[in-house]
Amino acid sequence: MMYPFMTLEDNTEIVHSEYMDDGRVKVYIEKPDEKDCFHHMTCYLPKYELENIYGFSKEEIEYYLDIIHSTAHLIIEFSKERGFENASGF
């Protein structure tokens, strides 16, 4: 299951999986695009392994990785609690 984490001003969505048995967390980034429908990429924490990159420039990839790096501790914590809503008690 994937859980919402963050929506950026340009409508980019960042979601994450539950904490996996192998200690990884899947982070999926998706941005709407008029021409291609969506640009997307997957990053696996804690090693920041990237795969399935489509439509993002090198600069955009670095930008989104900066966001993931700065919030990875939260993403991992929330993944263990099945998302922000469960972790925060809302």
Side-chain angles (χ1 to χ4, degrees):
M1 177 151 195
M2 299 299 280
Y3 299 96
F5 177 67
M6 182 183 296
T7 303
L8 304 177
E9 287 184 19
D10 64 357
N11 291 320
T12 298
E13 295 280 338
I14 301 175
V15 299
H16 66 83
S17 69
E18 293 179 8
Y19 195 79
M20 296 183 220
D21 292 338
D22 63 2
R24 297 187 310 156
V25 177
K26 178 180 179 179
V27 179
Y28 182 75
I29 297 105
E30 182 178 80
K31 178 181 177 179
D33 181 80
E34 286 186 28
K35 180 183 173 197
D36 298 328
C37 272
F38 288 96
H39 294 175
H40 57 83
M41 70 182 207
T42 302
C43 178
Y44 286 94
L45 298 176
K47 294 184 179 179
Y48 300 92
E49 300 165 307
L50 295 177
E51 65 178 41
N52 298 322
I53 300 169
Y54 175 76
F56 290 127
S57 68
K58 184 175 181 176
E59 293 79 18
E60 287 174 311
I61 293 167
E62 289 177 20
Y63 171 73
Y64 295 124
L65 277 176
D66 284 345
I67 292 171
I68 293 170
H69 274 279
S70 67
T71 59
H73 63 290
L74 294 173
I75 294 170
I76 291 170
E77 179 182 333
F78 295 158
S79 73
K80 292 177 181 178
E81 300 293 330
R82 297 189 179 141
F84 172 78
E85 292 179 356
N86 289 322
S88 65
F90 289 122

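We count residues from 1, following the sequence as given. Just so it is clear, the structure is predicted and the values come from calculations on it, not from any experiment.
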For Val25 against Ser79, the heavy-atom pair lying closest together: CG2-OG, 3.2 Å
Student check: side-chain heavy atoms of Phe78 and Tyr3 closer than 4.5 Å: no
Separation of Ser57 OG from Tyr63 OH (nearest 0.5 Å): 12.0 Å
Where at least one partner belongs to residues 16-28, residue pairs that pass salt bridge (Lys or Arg N to Asp or Glu O under 4.0 Å), sequence neighbours excluded: Glu18-Arg82, Asp22-Arg24, Arg24-Glu49
4.5 Å side-chain heavy-atom contact, Thr71 and Ile14: no
ILVMFWY network linking Val15 to Leu50, side-chain heavy atoms under 4.5 angstrom: no
Set of salt bridge (Lys or Arg N to Asp or Glu O under 4.0 Å) partners for Asp66, sequence neighbours left out: none
His16 side chain near Leu45 side chain, heavy-atom distance below 4.5 Å: no
Tyr28 side chain near Asn52 side chain, heavy-atom distance below 4.5 Å: no
Minimum heavy-atom distance Gly23-Pro46, with the two atoms named: O-CD, 3.6 Å
Tyr64-Phe56 aromatic ring centre distance below 6.0 Å: yes
Path from Val27 to Leu74 over hydrophobic side-chain contacts below 4.5 Å: yes
Least distance between heavy atoms, Leu65 atom then Cys43 atom: CD2-SG, 4.1 Å
Heavy-atom check, side chain of Glu77 versus side chain of His73, under 4.5 Å: no
